J.: 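First, the structure itself, so that you have it in front of you.
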Amino acid sequence: MNRLSPSILAADFNCLGNQIKTAYEAGADMLHVDVMDGLFVPSISFGMPVIESIRKNTDMFFDVHLMIEEPIRYIDTFRTVGADLITVHYEACKDVRSTLEAIKASGAKVGISIKPGTEPSVLEPFYDIVDLILVMTVEPGFGGQKLIPSCVEKLPGIRKRIAASGREIMLEVDGGVGAANAAEIMAAGADTIVAGSAVFRGDIEANVKALKALM
Ligand code: DX5
Ligand code: ZN
C-alpha cells in the first residue's frame with residue numbers, strides 16, 4: 001500500500017487544525033510530525049504540547065519523526081501524547097536496539113531513520129524489529145530543501161532486504177519530495193512519501209490529490 005504523509009512542519013500553525021483536516025479529507029494517509037531539539041539538528045520545531053493538541057482533533061495516524069539526541073528519554077511521553085509510530089535516528093541513539101525496544105514496549109510502531117551520509121548497511125541488525133525505515137533525502141533540520149538524488153539510490157537495496165526479511169516494513173522517503181520526483185521515488189522502492197512544502201504551500205487539497213495520483 002502506498003501512503004502520503006504530509007509534514008506539518010510546512011503548515012501554517014495559525015490554522016494548523018484546519019490544514020490537517022483539509023489534507024486528511026483530500027486523501028492524506030498519515031500525518032508526519034517533525035520534532036527537532038536544536039542539538040541533533042540545528043533547528044527547534046515543536047514538541048509534546050502541539051502533538052497532544054492536534055491529537056484531540058483527528059484520528060489520523062501520527063508518524064512522529066524524532067530528530068532529537070537520545071530519544072529513548074522521551075519515547076513514553078510521545079506515545080502518551082498520541083504518536084502511533086515513532087521514528088528515531090540511527091545516528092542519535094547511544095543504544096539503538098534498546099531505543100527501538102522502548103518504542104515497541106510503548107505500543108507504538110517502530111521506525112528508524114538514516115541521514116544522507118549514513119550507509120543502509122547500519123540497518124542490518126534491526127530488520128527484525130522495525131515497522132518503518134525512513135531514508136532522509138536531505139540533511140534533516142529544515143523543510144523546503146532540494147532532494148539529494150544519490151540518496152534515492154539507497155532504496156532498491158533496502159527494498160530487497162525488506163522482502164528477504166519476510167516482514168511488513170514500510171519504506172519512507174523524506175526531504176525535497178514533490179510532484180517532480182514522487183513517481184521516481186516510488187519506482188525506486190519507496191511505499192511512503194513525506195511531503196511538507198509540496199503539500200502545505202499553496203492549495204493543500206489540490207496538492208494532496210496531485211501527489212496521490214503520482215503514487
Ligand atoms: C526535514 C524534515 C522533513 C521536512 C520535509 O528535516 O524531516 O520532514 O519537513 O519538508 P519538505 O517536504 O519541504 O522537504
Ligand atoms: Zn521528517
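Bear in mind the structure is a predicted one, so any value in this text is a computation, not a measurement.
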J.: Looking at Asn207 and Arg201, what are the two nearest heavy atoms and their distance?
T.: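 Minimum heavy-atom separation between Asn207 and Arg201: ND2-O, 2.9 Å.
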J.: Are Tyr74 and Ile103 linked, directly or through intermediate hydrophobic residues, by side-chain heavy-atom contacts shorter than 4.5 Å (ILVMFWY only)?
T.: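 Hydrophobic grouping puts Ile103 with Tyr74.
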J.: In terms of hydrophobic clusters joined by side-chain contacts under 4.5 Å, are Ile68 and Val110 together?
T.: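 Yes; Val110 is reachable from Ile68 via cluster members.
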J.: For Ser5 and Asp63, which I'm curious about, is there any donor-acceptor pair between the side chains at under 3.5 Å?
T.: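 A donor-acceptor contact under 3.5 Å links the two side chains.
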J.: My understanding is that only residues two or more places apart in sequence, or in another chain, count here; which of them pass ring pair (Phe, Tyr, Trp, His ring centres under 6.0 Å) with Phe40?
T.: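 Checked Phe40 against ring pair (Phe, Tyr, Trp, His ring centres under 6.0 Å); matches are His89.
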J.: Does a donor on one side chain sit under 3.5 Å from an acceptor on the other, for Asp34 and Ser7?
T.: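 Side-chain D/A pair, Asp34 to Ser7: present.
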J.: Shared ILVMFWY cluster between Ile133 and Met215, side chains joined below 4.5 angstrom?
T.: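 Yes: a chain of side-chain contacts under 4.5 Å links Ile133 to Met215.
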J.: Look at the side-chain heavy atoms of Ile, Leu, Val, Met, Phe, Trp and Tyr, link any pair under 4.5 Å apart, and say whether Ile51 and Ile72 land in one connected group.
T.: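 In one cluster: no.
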J.: What distance separates Leu39 CG from Glu69 CD, expressed to the nearest 0.5 Å?
T.: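 Those atoms lie 6.5 Å apart.
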J.: Ion pair present between Asp128 and Arg97, side-chain N to carboxylate O less than 4.0 angstrom?
T.: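 Salt bridge: yes.
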J.: Taking all atoms of both residues into account, what is the closest heavy-atom pair of Thr58 and Ile20, and its distance?
T.: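 The answer is CG2-CG2, 4.3 Å.
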J.: If the threshold is 4.0 Å, N to carboxylate O, is there a salt bridge linking Lys104 and Asp131?
T.: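 Asp131 and Lys104: not salt-bridged.
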J.: Under a 4.0 Å threshold between the charged nitrogen and the carboxylate oxygen, would Glu52 count as salt-bridged to Lys56?
T.: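 The answer is no: the pair does not qualify as a salt bridge.
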J.: Could you check whether Arg167 makes a cation-pi contact with Tyr127, meaning its NZ or CZ is under 6.0 Å from the centre of the six-membered ring and within 45° of the ring axis?
T.: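 The answer is no; the distance or angle limit is not met.
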J.: Counting only heavy atoms not in Glu124 (residues, nucleotides, ligands), do more than 12 fall under 6.0 Å from its CD?
T.: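 Counting neighbours around CD of Glu124, more than 12 heavy atoms of other residues, nucleotides or ligands fall under 6.0 Å, so yes.
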J.: Distance from Asp203 atom CG to Lys209 atom NZ, nearest 0.5 Å?
T.: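 With rounding to 0.5 Å, CG (Asp203) is 9.0 Å from NZ (Lys209).
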J.: Quick check: closest heavy atoms across Leu171 and Gly189, and the distance to 0.1 Å?
T.: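 Scanning both residues completely, I find the closest heavy atoms to be CD2-O, 3.4 Å.
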J.: Should the pair Phe126 and Tyr90 be assigned to parallel (<30°), tilted (30 to 60°) or perpendicular (>60°) ring geometry?
T.: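 Rings of Phe126 and Tyr90: tilted, 30 to 60°.
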J.: For Ala83 versus Val64, what's the shortest heavy-atom pair and its separation?
T.: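 Taking every non-hydrogen atom into account, CB-CG2, 3.6 Å.
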J.: What are the two closest heavy atoms between Val177 and Thr137, and how far apart are they?
T.: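 Nearest pair, atom of Val177 first, then Thr137: CG2-OG1, 4.4 Å.
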J.: Provide the closest heavy-atom pair for Thr118 versus Lys154 in the form atom of the first, atom of the second, distance.
T.: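 Closest heavy-atom pair between Thr118 and Lys154: O-NZ, 2.9 Å.
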J.: Treat each ILVMFWY residue as a node, draw an edge where side-chain heavy atoms are under 4.5 Å apart, and state whether Leu147 and Val194 are in one component.
T.: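 No.
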